[in-house]
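Have a look at the structure below, then the notes.
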Amino acid sequence: MSGKIVLARLKALLGTGGVERDPVGLPRAIPESADALSLVCRLAHEEGWKIRIEGQGTWLPGDAPADLAVSTRALDQVVSVSPADLVATVQAGTPMETLRRRLADDSMWLALDPPGRPERSIGSVAATGTAGPLRHGFGPVRDHLLGCTVATGDGRLVRAGGRVVKNVAGYDLTKLQVGGFGGFGIIAELHLRLRAMPRADVTLLARGPRDALTSAARDLMEAQVMPAALELISPALAAESEWVLAARFVGTDAAVRGDVPRLSSAADLVWQPLPAERTASFWSVVARGILGGPVTLRLGVLGNGVDDTVDLLAHALDEGLVSAGAGSGMIRWTGDAPVERLREVRRVAASREIPMTLERAPWPVRRALGHFGAYREGVGQIVGRLRDSFDPGQCLRVALEGVTGD
Amino acid sequence: MKPSLVKPSLVAALERIVGPRWIRHRRAELKTYTMDGLPTRESFPGLVVMPASSAEIRDILRLLHLVGVPFVARGAGTGLSGGAVADPDAVLIALTRMNRILTVDPVLRRAVLQPGVVNARLSEAVAPLGLHYVPDPSSQAACTVGGNVAENAGGPHCLKYGVTTNHIVQLEVVLPDASVVQLGSLQGDPWGPDLVGLFVGSEGMFGIVTEITVRLEPVPPSVRTMLADFPTVRGASEAVSGVIAAGIVPAALEMMDRACVAAVEASIYAAGYPTDAAAVLLVELDGQPDAVDGEAATVESILRQAGARQVRSATSPADRARLWQGRKKAFGAMGRIAPDLAVQDAVVPRSALPDVMDRIEEIRTRHRLSISNVFHAGDGNLHPNISFDRRDPDVTHRVHLACREIMAACVAAGGSITGEHGVGSDKIDYMPWIFDPETLGAMRAVRCAFDPAERSNPGKVVPLHACREWRAAPGVR
């Protein structure tokens with residue numbers, strides 16, 4: 001099918017304003033509603049077109065070979081905000097920064113600080129499951145989603161979950177979408193669980209050798225000092241000469257006032273508080289720094305395995321840009337490496353029972369490795385059946401297993 | 001009459017797997033298993049088998065797969081939506097013998113256990129290590145962790161710490177075709193899509209969990225439990241919103257209405273709640289002592305501003321336990337009022353609580369029923385409980401009508417039909433109220449990915465037509 005024909009059919013569906021060509025001439029659909037997104041998927045399914053999913057285009061590169069790019073950038077409305085219920089409904093293409101500002105107007109807050117640029121879309125954060133350092137205190141991305149609307153590969157709209165904070169009606173399809181990388185549909189809208197804007201937000205830094213910092217982090221956990229983030233950051237990522245352990249306390253004045261003094265007594269480190277005006281810029285450097293290489297890996301490892309796993313990464317790849325939850329343990333590595341070496345890291349990690357997810361990479365790497373790679377025995381069949389169900393024509397060009405062909 | 005799929009030859013084959021002692025197939029023996037906590041749904045299973053190990057479950061499911069017989073897994077039978085009730089064509093697999101805690105790792109804060117472990121026993125077992133398992137359904141003294149996984153159970157302390165799904169990191173599951181899969185990881189980060197998140201709350205329709213790895217949490221160093229009483233439910237609701245808006249997330253925030261308080265205070269679980277209050281709130285804060293002290297002062301001020309007549313804190317661990325006993329045994333206390341209790345479970349946006357309460361009162365009056373309300377108010381999760389006698393068909397009919405109207409009122413307020421008890425068979429007819437046919441179809445298809453023949457807990461959660469509609473959609477193979 002020629003691009004011209006694809007373009008013509010899309011224009012008939014979305015109007016001229018809803019269609020463009022990407023920099024290399026690929027037709028790009030820019031639907032403005034979930035219904036329009038669903039129509040685009042239905043058309044693609046009927047015509048057998050392959051779809052590349054794009055949010056704001058700031059996290060995963062828009063390079064998957066496809067017949068059609070689908071951008072969610074026009075799905076950028078904050079649909080509703082309920083301060084009394086601490087719930088918001090937002091379209092998936094809404095930039096995180098836009099959402100943050102809108103919520104702040106009502107003294108509310110979404111406790112997610114994903115890596116990447118501030119204009120990254122909330123749909124991208126959900127689809128790729130990329131939580132930032134606040135995961136330590138507030139949980140992974142899935143804990144902040146109450147429900148979502150998803151367009152399947154063949155254009156059906158699935159409305160999972162709801163707008164209440166506790167809900168067990170039916171199967172939790174939202175969990176399947178969070179971190180599903182779009183393999184089970186394109187997220188159009190999300191219901192988010194909010195929090196009241198924290199009254200206090202204090203960050204303290206300690207610097208030193210990595211093993212001393214990880215040991216101190218374990219002491220803090222043991223002593224039940226529970227910052228909202230306890231992040232170990234490599235020198236390259238922190239733009240410092242040493243490893244940094246950053247403890248961020250977020251909450252009521254009483255809670256933060258009570259917790260901060262306990263840092264020094266629980267862990268034998270010199271802590272330096274960041275001046276309030278530097279807190280945002282420090283965490284912004286960490287978040288943006290993770291875009292400093294073309295490949296980002298996420299390794300699920302508990303706090304006591306952080307040192308060994310960082311050693312593995314440093315040995316097999318390079319020390320790179322590393323951010324590790326020193327308490328909750330998830331490690332994020334960014335850098336560059338050939339596919340074979342990344343595959344070897346995944347193999348060694350798997351032998352240590354550490355799952356490795358490819359969070360971000362150019363298409364050839366994603367295609368070769370897959371976001372998840374091989375599954376545990378028996379799981380691949382389930383995932384395959386789930387994908388068949390949500391994308392029966394295999395329109396969605398998402399390399400979950402690393403076997404998707406061109 | 002359709003011939004039963006549960007034939008004598010199946011009984012003999014199952015006996016060879018678990019031993020004759022662990023099979024129940026005579027009618028009198030089966031009576032115990034005809035109901036769970038839902039008094040309006042009763043059915044005799046074809047037979048009951050009680051395995052003692054994962055291997056036995058695999059063998060049982062392999063056999064049932066070969067002969068095409070459906071099955072239902074059952075824990076302690078404390079579910080309140082009819083989810084663990086089996087029809088005569090199905091085998092009921094009772095998991096109560098699988099009640100061992102297999103390992104506890106205090107450093108990693110993980111425990112691996114069998115599905116029949118009673119919820120409260122887990123926390124008791126790890127208490128000497130300074131740890132506990134957070135999800136605490138009111139039935140925690142009897143319900144099993146496997147059942148909690150099936151229902152994604154909640155409890156008072158889930159406001160701050162999350163429900164069951166937030167505390168399960170790995171599952172060993174036997175699928176209906178007898179294959180064994182490991183979902184999730186010890187770390188909590190999945191090997192692939194979040195299938196643990198998908199499995200938890202699937203109400204036994206994807207397979208049987210044989211091993212559960214849970215996250216344990218440290219016992220908080222300081223706890224403050226406060227009791228406040230209000231002249232109006234609306235005032236109490238405003239207090240709840242005020243506390244949350246102040247950025248404070250209490251460990252628990254529970255409300256009971258006048259009828260509930262009266263039932264508790266008239267029972268052996270009397271906790272000293274003021275019986276003349278329209279509503280009482282239990283607020284629990286936990287954390288470091290300084291933080292708890294500071295937040296308690298703020299909470300007290302918010303409660304008083306919202307109209308609390310009295311605010312008092314528990315003065316000792318025994319006093320705190322007493323305050324909680326009243327709340328946790330509220331359902332038991334209601335058992336004094338009538339022979340049967342329909343425990344309802346719905347969720348509404350927090351801000352809608354007062355209006356929905358007015359609506360429930362109107363329904364109660366019109367149907368001439370006794371309804372007492374207890375809420376996980378911080379979550380907007382309410383339990384309107386109807387005391388009745390099911391031997392009276394007229395009353396039973398009115399209970400059905402009232403339950404339906406209450407659910408409709410909650411849905412109309414933007415809520416959901418269940419917050420922690422599940423859909424089971426009780427609420428399956430309400431599912432189309434909150435999910436459109438395409439979403440129901442997607443649910444059914446997801447179930448089929450785990451259980452293509454749909455033999456695991458058949459007839460629950462998703463109305464039957466949904467899968468046909470989904471499969472009939474254009475392009476679906």
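Each chain gets a letter, A, B and so on, in the order the sequences are listed, and its residues count up from 1.
Within the 4.5 Å cutoff, side-chain heavy atoms of B/Asp194 are placed close to those of A/Arg142. At least one side-chain heavy atom of A/Tyr375 sits less than 4.5 Å from a side-chain heavy atom of B/Pro193. By the 4.5 Å heavy-atom criterion applied to side chains, B/Gln182 and A/Glu377 are not counted as neighbours. When side chains are defined from C-beta on, B/Gln187 counts as touching A/Pro355, because their heavy atoms get closer than 4.5 Å. For the pair B/Gln288 and A/Asp259, the minimum side-chain heavy-atom distance is below 4.5 Å. A/Arg298 places a side-chain heavy atom less than 4.5 Å from the side chain of B/Asp189. Residues B/Val200 and A/Asp172 have side chains not in contact (no heavy-atom distance under 4.5 Å, counting atoms from C-beta outward).
Listed options B/Thr418, B/Leu175, B/Val348 were ranked by heavy-atom pairs under 4.5 angstrom with chain A; first place goes to B/Thr418. Contacts with chain B were tallied for A/Val165, A/Val379, A/Ile354; A/Ile354 has the most, counting heavy-atom pairs under 4.5 Å. When B/Ala297, B/Gly414, B/Gly287, B/Ser202 are compared by the number of non-hydrogen pairs under 4.5 Å with chain A, B/Ser202 comes out ahead. Among A/Val301, A/Thr357, A/Leu302, the residue making the largest number of heavy-atom pairs under 4.5 Å with chain B is A/Leu302. Put simply, of A/Arg262, A/Gln381, A/Gln177, the one with the most heavy-atom pairs under 4.5 Å next to chain B is A/Arg262. Ranked by non-hydrogen atom pairs under 4.5 Å with chain A, the options B/Gly247, B/Pro289, B/Cys158, B/Ser351 are led by B/Ser351. Chosen from B/Ala291, B/Gly192, B/Gly162, the residue pairing most often with chain A at heavy-atom distances under 4.5 Å is B/Gly192. For chain B, the option among A/Arg195, A/Arg163, A/Glu353 with the highest count of heavy-atom pairs below 4.5 Å is A/Glu353. The candidate from B/Gly415, B/Pro218, B/Ser241 with the greatest count of non-hydrogen atom pairs under 4.5 Å with chain A is B/Pro218. Between chain B and the options A/Thr149, A/Leu299, A/Leu86, heavy-atom pairs under 4.5 Å are most frequent for A/Leu86. Listed options A/Gly380, A/Gly180, A/Ala350, A/Pro198 were ranked by heavy-atom pairs under 4.5 angstrom with chain B; first place goes to A/Ala350. Residue with the most contacts toward chain A among B/Val423, B/Ile434, B/Leu198: B/Leu198 (heavy-atom pairs, distance under 4.5 Å).
Of all heavy-atom pairs spanning B/Asp290 and A/Gly258, the tightest one is CB-CA, 4.0 Å. Nearest heavy atom pair, residue A/Ala254 against residue B/Gly294, reads CB-CA, 3.7 Å. When all heavy atoms of A/Arg193 and B/Leu159 are compared, the pair lying nearest together is NH2-O, 3.9 Å. Of all heavy-atom pairs spanning A/Lys166 and B/Asn381, the tightest one is NZ-OD1, 3.0 Å.
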Inset, instruction - Go through the steps for B/Val181 and A/Arg376 under the test side-chain contact (heavy atoms from CB on, under 4.5 Å), then give the verdict. - result: CA-CA 8 Å; B/Val181 292; A/Arg376 284 180 162 172; over 6 Å; no
Inset, instruction - Start with the C-alpha distance between B/Arg350 and A/Val164, add both sets of side-chain angles, then the distance that settles side-chain contact (heavy atoms from CB on, under 4.5 Å), and finish with yes or no. - result: CA-CA 8 Å; B/Arg350 256 190 308 262; A/Val164 283; over 6 Å; no
Legend entry - Test log, rule side-chain contact (heavy atoms from CB on, under 4.5 Å), inputs B/Thr298 and A/Thr252: CA-CA 10 Å; B/Thr298 307; A/Thr252 60; over 6 Å; no
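In this structure, chain B has a heavy atom under 4.5 Å from the side chain of A/Phe184, while its backbone stays farther away. Only the side chain of B/Glu203 comes within contact range of chain A, judged by heavy atoms closer than 4.5 Å. Both the backbone and the side chain of A/Asn167 come within contact range of chain B, with heavy atoms under 4.5 Å apart. Contact annotation for B/His421: only backbone heavy atoms (N, CA, C, O) come within less than 4.5 Å of a heavy atom of chain A. For B/Val446, the parts lying under 4.5 angstrom from a heavy atom of chain A are both the backbone and the side chain. In this structure, chain A has no heavy atom under 4.5 Å from any part of B/Ala153. Interface residue A/Ala223: only backbone heavy atoms are found under 4.5 Å from chain B. Proximity to chain A (any heavy atom under 4.5 Å) is restricted, for B/Val180, to the backbone atoms N, CA, C and O. Of the atoms belonging to A/Met226, not a single heavy atom falls under 4.5 Å from chain B. Contacts of B/Asn152 with chain A are made by both backbone and side-chain atoms, with heavy-atom separations under 4.5 Å.
Aromatic rings from A/Tyr171 and B/Phe199 are positioned such that their centres are separated by 6.0 Å or more.
The line from CZ of B/Phe206 to CD1 of A/Ile382 is 9.5 Å long, rounded to the nearest 0.5 Å. The CD atom of B/Glu438 sits 8.0 Å away from atom CZ of A/Arg159, with the distance rounded to the nearest 0.5 Å. Note that OG1 of B/Thr439 is 8.0 Å distant from CG of A/Leu157, once rounded to the nearest 0.5 Å.
Applying a 4.5 Å heavy-atom cutoff, the residues of residues 164-174 of chain B that approach chain A are B/Thr165, B/Asn166, B/Gln170.
With sequence neighbours excluded, no residue forms a side-chain hydrogen bond (donor to acceptor under 3.5 Å, both in side chains) with A/Arg218.
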